[in-house]
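Working notes, beginning with the structure itself.
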Amino acid sequence: MNRKIILDCDPGHDDAFAILLAGQKRYFDLLLITTESGNQTVEKTTQNAINLVEFLKIDVPITMGENHPLVRDKILCPEIHGESGLDGFEFPKYSRKCDSTNGVQAMIETLLTNDKVTVVTTGAMTNLALAIKNCPDILNHIEEIIFMGGSTSDGNITPAAEFNILCDPDASNIVLSCGRPIRMIGLNITRRVLVTKDVISRISEINNKASKMFVDLMTVFNANQAKTFGLLEGGPLHDPVTIASMIDDNLITWKEMNVSVELSKGPLYAKTYCKNKKSHNCYVAVDIDVNRFWDIIEEGVRYYFE
Ligand code: RIB
Ligand code: CA
């Protein structure tokens with residue numbers, strides 16, 4: 001039985017390959033994609049999600065989620081993802097519009113009509129937090145939550161804060177205290193999967209439409225990562241690690257920890273405290289099989305347009 005997934009994302013160059021992996025019908029029943037602001041405005045991340053699923057011929061509803069965090073001001077990340085949020089690849093002009101502009105309600109309805117759903121978030125957790133607050137009964141339909149965010153070490157936007165958590169720390173705390181099994185994949189792991197020149201040439205040799213998209217998008221992604229963060233070897237392909245961890249149960253080594261988010265404004269704002277405590281609320285990723293990850297990416301790119 002294929003695992004049911006709702007993917008909540010802010011595409012975004014790395015989110016794009018979380019969508020690519022999640023769209024493989026041989027592994028998953030991708031029930032819904034919801035979007036939020038983060039890498040770009042929610043209008044742009046939604047258009048990017050539509051372009052991606054149309055281009056990859058993935059049959060999934062796309063619904064526009066929240067454009068604003070619960071409490072703090074909105075932040076965007078054009079310096080990495082560009083003006084469109086997915087700079088570097090020209091998609092055909094698709095006439096499709098999003099299936100709903102109320103992503104939170106779509107998430108609630110999809111969960112209430114399905115059981116044992118894995119909710120994967122690769123952006124701010126605003127949509128999921130609002131869905132839980134508005135309809136706590138959905139928790140009975142969530143098998144587990146997997147999120148890309150936080151770090152057991154330092155952040156990327158500030159020394160303490162990782163971008164997804166920083167976008168909406170209040171929402172992150174609501175999700176972390178919801179009581180369902182949660183898996184956290186932080187920068188301490190995703191900084192190990194860099195899109196190096198060897199990775200780009202390996203994927204380029206597949207020579208299909210999906211590999212061309214990968215190469216074009218990653219060329220821009222890497223240039224922006226080098227300019228913004230000084231990452232000269234290649235940018236970290238953060239988000240697909242979430243889905244890859246579902247394709248291969250042995251990809252990630254997990255450690256039960258107690259995770260909470262700093263909400264007080266100051267140098268530690270939005271830091272994820274990952275503590276070895278009996279009262280754990282989260283399985284935290286502490287190691288990854290990097291070679292296996294790139295095998296999963298290659299296999300995923302080959303899957304499309306075979
Ligand atoms: O910090 C990395 C995260 O922020 C990734 O999800 C990336 O897409 C951006 O949203
Ligand atoms: Ca993202």
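Atoms within a ligand are numbered from 1 in the order they appear, just like the ligands themselves. In this text the structure is predicted, and so the values were computed from the model without any measurement.
Put simply, the angle at the Ca ion (ligand 2) from OD2 in Asp15 to OD2 in Asp239 is close to 70°, to the nearest 10°.
Of the protein's heavy atoms, Asp14 OD2, 3.2 Å lies nearest to atom 7 (C) of ligand 1. Protein heavy atom closest to atom 2 (C) of ligand 1, with residue, atom name and distance, is Glu162 OE2, 3.3 Å. Looking only at heavy atoms of the protein, atom 6 (O) of ligand 1 is closest to Asp239 OD1, 2.6 Å. For atom 9 (C) of ligand 1, the nearest non-hydrogen atom of the protein is Asn39 OD1, 3.2 Å.
For ligand 1 and Asp15, the ligand atoms under 4.0 Å from any heavy atom of the residue are 8 (O). Ligand-side atoms of ligand 1 in range of Phe163: 1 (O), 4 (O), 9 (C), 10 (O), range being under 4.0 angstrom from any heavy atom.
Looking at every heavy atom in both residues, Arg192 comes nearest to Ile288 through NH2-O, 3.3 Å.
Cluster membership for Met218 and Leu20, using ILVMFWY side-chain heavy atoms within less than 4.5 angstrom, is shared.
Applying the side chain to side chain contact (heavy atoms under 4.5 Å, CB included) test between Val117 and each of Leu32, Ile5, Ile6 identifies Ile6 as the sole match.
For Thr122, the nearest N, O or S atom to the Ca ion (ligand 2) falls under 3.0 Å.
The ring of Tyr304 has its center no closer than 6.0 angstrom to the ring center of Phe55. Not less than 6.0 angstrom separates the ring centroid of Phe17 from the ring centroid of Phe221.
Here Asp10 has side-chain heavy atoms under 4.0 Å from ligand 1, and that is the only part of it that gets that close.
For the 3.5 Å distance criterion, the side chains of Asn258 and Lys275 fail to qualify, holding no donor opposite an acceptor. Between the side chains of Glu109 and Gln105, at least one donor N or O lies within less than 3.5 Å of an accepting N or O.
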Please evaluate residues Tyr269 and Leu166 with respect to the criterion side-chain contact (heavy atoms from CB on, under 4.5 Å), reporting the C-alpha separation (whole Å), side-chain torsions for both, the decisive distance (0.1 Å), and the verdict. CA-CA 8 Å; Tyr269 180 56; Leu166 185 63; 3.8 Å; yes
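For a threshold of 3.5 Å applied to N or O pairs, the pair formed by Asn156 and ligand 1 contains at least one separation below that value.
Asp10 contributes OD1 as its N, O or S atom closest to the Ca ion (ligand 2).
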